[in-house]
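Report on one structure; see the data block that follows.
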Amino acid sequence: TNKDLRQLINQGLFREDLYFRLNVVPIRLPPLRERVEDIPDLVRHFFSIAEKEGLPAKQIDQPALNLLRRYRWPGNVRELENLVRRLAALYPQDVIGEAMLEQELSQPAVSPLEEESSESVNLGASVERYLGGYFDNYGDALPPPGLYHRILREVEYPLISAALAATRGNQIKAAELLGVNRNTLRKKIRDLDIQVMRSAR
């Protein structure tokens, strides 16, 4: 967990007896920004997984790796994994360079949504703009087949995570909120390796 369980116990949000049952050998895993020497190995590992899933083989050059080492990684290893999967799925180049990474890592900070009025902003328009730039990267060629499922995978994780956060980890309520079967939601949580923090209340 990335939560302070002792603090959650004091707030009545985590069962104390469960804490002592689980707390046999505590291991502190430092955040990614404190172990940047692991980044090259993690990038190679995630590219390898993407390749086994049928995506094109990719490499990353040294300036791009240096940029990854300087980045703060607020989303930790999960953010790095999602970035690598996105690079493998959406970029035609065999070698990922610094310019591509700068574009990906700067997107949250420089959002085109802020330039529009709130009435005209919607998810569909944002996705359409993103895909427009994606297709432009290929010029006259087309991206590899399977784009539909690649895009769905990118959207699914944050959507389910947000629903679980809004329902405080209650999977029945999250399934109802999403409009999916509870067993379907459980399978998605397992397949996407989503961490569920349940409320004690």
Side-chain angles (χ1 to χ4, degrees), residues 32 39 41-61 64 68 71 73-97 99-108 110-113 121-167 169 171-197:
L32 187 56
I39 288 175
D41 289 333
L42 287 169
V43 168
R44 281 191 292 272
H45 173 67
F46 293 138
F47 272 142
S48 174
I49 291 174
E51 189 177 351
K52 287 174 186 171
E53 292 175 351
L55 293 170
K58 304 281 181 190
Q59 294 181 350
I60 190 164
D61 66 19
L68 293 180
Y71 185 67
W73 299 109
N76 236 323
V77 176
R78 172 65 71 179
E79 183 183 4
L80 176 62
E81 179 181 8
N82 288 343
L83 171 67
V84 170
R85 291 177 68 87
R86 192 160 58 250
L87 293 169
L90 300 180
Y91 284 83
Q93 296 87 345
D94 293 333
V95 178
I96 302 299
M100 296 175 225
L101 280 180
E102 282 178 345
Q103 178 182 338
E104 285 293 327
L105 294 175
S106 68
Q107 278 183 2
V110 186
S111 173
L113 299 183
V121 173
N122 62 59
L123 180 61
S126 301
V127 171
E128 193 172 347
R129 265 196 315 277
Y130 182 88
L131 288 174
Y134 170 59
F135 280 105
D136 286 346
N137 284 331
Y138 284 88
D140 294 331
L142 287 174
L147 177 63
Y148 178 80
H149 292 290
R150 291 198 300 273
I151 294 295
L152 286 186
R153 273 202 305 267
E154 285 291 321
V155 173
E156 222 170 14
Y157 184 91
L159 174 62
I160 293 173
S161 294
L164 288 165
T167 59
Q171 293 181 29
I172 296 172
K173 288 182 180 177
E176 184 180 331
L177 174 65
L178 292 165
V180 300
N181 181 283
R182 184 172 46 178
N183 291 331
T184 301
L185 178 61
R186 283 185 179 147
K187 183 178 186 310
K188 293 288 186 187
I189 290 170
R190 187 173 60 250
D191 292 348
L192 296 168
D193 191 28
I194 297 173
Q195 302 301 311
V196 181
M197 177 56 108

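Any value given below was found using the heavy atoms of this structure, including those in side chains, with hydrogens, waters and symmetry copies removed.
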Notebook entry, point to check: Does atom CD of Q59 have more than 12 heavy-atom neighbours, drawn from other residues, nucleotides or ligands, at distances under 6.0 Å?
Noted result: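 Count not over threshold, so no.
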At their closest point, which heavy atom of [X] faces which heavy atom of [Y], and how far apart are they?
X: M100; Y: V95; answer: CE-O, 3.5 Å
X: P144; Y: P56; answer: CG-CG, 4.3 Å
X: L55; Y: A88; answer: CD1-CB, 4.1 Å

Looking at residues at least two apart in the chain, or sitting in another chain, which of them share a side-chain hydrogen bond (donor to acceptor under 3.5 Å, both in side chains) with [X]?
X: R150; answer: Y134
X: E79; answer: Y71
X: K188; answer: E156

[atom1]/[X] to [atom2]/[Y] distance, rounded to the nearest 0.5 angstrom?
X: Q93; Y: I60; atom1: CD; atom2: CD1; answer: 12.5 Å
X: L177; Y: I172; atom1: CG; atom2: CD1; answer: 13.5 Å
X: L80; Y: F46; atom1: CG; atom2: CZ; answer: 5.5 Å
X: L192; Y: R78; atom1: CG; atom2: CZ; answer: 7.5 Å
X: I96; Y: L101; atom1: CD1; atom2: CG; answer: 7.0 Å
X: T167; Y: E176; atom1: OG1; atom2: CD; answer: 10.0 Å

Notebook entry, point to check: Is any side-chain heavy atom of L68 closer than 4.5 Å to a side-chain heavy atom of L105?
Noted result: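 L68 reaches L105 side chain to side chain.
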Notebook entry, point to check: Any side-chain heavy atom of I151 within less than 4.5 Å of one from L90?
Noted result: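 Contact flag for I151/L90 side chains = yes.
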Note to self: Strictly by salt bridge (charged side-chain N to carboxylate O under 4.0 Å, His left out), give each pair with a member in residues 44-55 just once, sequence neighbours left out.
What the structure shows: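 Residue pairs passing salt bridge (charged side-chain N to carboxylate O under 4.0 Å, His left out), neighbours aside: D41-R44, E53-R85.
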Applying side chain to side chain contact (heavy atoms under 4.5 Å, CB included), can you list everything that pairs with [X], at least two apart in sequence or on another chain?
X: D94; result: none
X: S161; result: Y157, I194
X: L142; result: none
X: L159; result: L178

Note to self: Tell me every residue that passes salt bridge (charged side-chain N to carboxylate O under 4.0 Å, His left out) with D191, counting only those two or more places apart in sequence or in another chain.
What the structure shows: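 If we apply the salt bridge (charged side-chain N to carboxylate O under 4.0 Å, His left out) test to D191, skipping adjacent residues, the hits are K187.
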Next item on the list: Determine yes or no for a side-chain-to-main-chain donor-acceptor pair under 3.5 angstrom, with K58 supplying the side chain and A50 the backbone.
Entry: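 Not confirmed, K58 side chain does not pair with A50 backbone.
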